[in-house]
Amino acid sequence: MDIPGFAQAALRLLNEAGYEAYLVGGCVRDDMLGILPHDFDICTSARPSEMQQVFRDFRTIETGLKHGTLTVLVDGEPLEITTFRQDGEYLDNRHPREVVFTRNLENDLSRRDFTVNAMAFHPEKGLVDFFGGREDCKRKVIRCVGDAATRFTEDALRILRAFRFAARFRFDIEEHTAKAIFDKQHLLQNISAERIASEMNGLLQAEGAAEILRTFREVFFTAVPALRMPEEVWHRVLQVLSCCEKKLPLLWSALLHPLGAERAKKVLQSLKMPNALLEDVYVLLAYLYLPLRSNRMQYALMVIGKERTFLLLSLQQALDNAKCPGNEEENAAWYSAMKEIAEALLASGACYTLSALAVKGNDLAALGIQGKAIGETLHKLLEKVVLGEAENDREQLLRLARNMK
Ligand code: ATP
Ligand code: MG
């Protein structure tokens, strides 16, 4: 395993102080799968106060210390170092009643969710794999450590984690684990909206999302009841989803499009998603069929704005691809031509907002237009400009405005 210097240094310091220390979890798994790990987590027999002692000369962040995690900055890189833990009894299908520290690595690994996530690695001692994680990486399966039904009862969020990992690595979910997911799906009702939302976001962006959403349809309907749709609608949705770029506004719009803009927005609200996403999805669905031909592009820019015009082009492309498989290339050519037209309009400084219009409110006031009529007239003028019925020229617009009085 290729271990960066800062992680090696931390392992060495802990070892020299007489503690066990290993790389653990995602980084060991990712390395085994030939993926570059995005962070390197360490687990150790050192207790929190002992870790603080070992890293006394380093900058540390102690927010997770109660749960045994100390973040240490080594060469400017943050490393999460966590005391070997075993979880006590679980409450509410999500949280262990108490965190118990242990000096035993196997205990720590046995509380982890899936075999592929329960491996540790030491530069000299090599791989520690009590539960067959390496074999499951080879066979491409997600399997619970221990009895799957028990593990999902302890923490039902693991159901959605299984989906996310399976979709990301295009793994299958092992038979017993899959059965336990179906048996224990009702426990997802006890998981907070925020956690469901963040796992769903991770899942949707993963390569194999559509496959998981197809196989475990019922489980998703349990997790997010508003998603429940007739089978054929769900299948169409998943086709669109598979054709989408991996951007959240597009993915959520694809998933929710049969509900329409209003209901889609409510679903995202109930998942406590950020407002920006909510608004993007709302607008994309409200204007799903807005024509984005070349002579209407400036109009689209006016109605939904620059970023959303490009998103809508992508979404419409995914819808078209899903509707007529085999036409992808032709569609791609057409949509990239449309994007070029939009880019060219923007580059030429085309007017598509009131602030770019060559006349302002006070120009209209000077003509004797008053109150609400000012805003209305400005909008009418802008509309004429974006539809190509008028130039963005001050004199011409003033003349038009006079005629509109
Ligand atoms: P990612 O690449 O998505 O960060 P990861 O494996 O690092 O994947 P994290 O959520 O960062 O996943 O968690 C780190 C490790 O902690 C996991 O590999 C797993 O061993 C353990 N873990 C995390 N959440 C749970 C959970 N809910 N139940 C059991 N073990 C968990
Ligand atoms: Mg991680």
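When a ligand or atom number is given, it counts from 1 through the structure's own listing order. Heads up: numbering here begins at 1 and tracks the sequence.
Polar contact with ligand 1: present for R158 (N/O pair, distance under 3.5 Å). Remark: ligand 1 and H38 share an N or O pair separated by less than 3.5 Å (distance only, no angle test). Taking only nitrogen or oxygen atoms, main chain and side chain alike, R164 reaches within less than 3.5 Å of ligand 1.
When only non-hydrogen protein atoms are considered, atom 16 (O) of ligand 1 lies nearest to R112 NH1, 3.5 Å. Among protein heavy atoms, atom 19 (C) of ligand 1 sits closest to D113 OD1, 3.6 Å. If you check which protein heavy atom lies closest to atom 27 (N) of ligand 1, you get D155 OD2, 2.9 Å. Summary of contacts: the protein heavy atom closest to atom 14 (C) of ligand 1 is D41 OD2, 4.3 Å. For atom 3 (O) of ligand 1, the closest non-hydrogen atom on the protein side is R168 NH2, 2.6 Å.
No option in R158, R164, R168 other than R164 meets the salt bridge (Lys or Arg N to Asp or Glu O under 4.0 Å) test with E199.
The main-chain N or O of Q396 is found under 3.5 Å from a side-chain atom of D393 such that the two form a donor-acceptor pair. Using a distance-only test at 3.5 Å, with no hydrogens or angles considered, a donor-acceptor pair links the side chain of H257 to the main chain of A254. The backbone N or O of N331 lies less than 3.5 Å from no partner atom in the side chain of N327, so there is not a single donor-acceptor pair. For N15 (side chain) and Y19 (main-chain N/O), a donor-acceptor pair under 3.5 Å exists by modelled atom type.
Residues forming a side-chain hydrogen bond (donor to acceptor under 3.5 Å, both in side chains) with Y352 (at least two apart in sequence, or on another chain): none.
There is no protein heavy atom closer than 4.0 angstrom to atom 11 (O) of ligand 1.
If you check each of R29, E199, R94, R161 against atom 9 (P) of ligand 1, the one with the closest non-hydrogen atom is R161.
With a 4.5 Å cut-off on side-chain heavy atoms, L346 and K306 count as touching.
Close approach of ligand 1 to G25 (heavy-atom distance below 4.0 Å) involves ligand atoms 18 (O).
Contact analysis puts R111 in contact with ligand 1, with a non-hydrogen atom separation below 4.0 angstrom. Within the structure, the closest approach of F165 to ligand 1 falls below 4.0 Å when heavy atoms are considered.
We find that R47 and E50 are not joined by a salt bridge, their nearest charged nitrogen and carboxylate oxygen being 4.0 Å or further apart.
Figure legend: cation-pi geometry between K140 and F171 absent, as NZ or CZ is not positioned both under 6.0 Å from the six-membered ring centre and within 45° of its axis.
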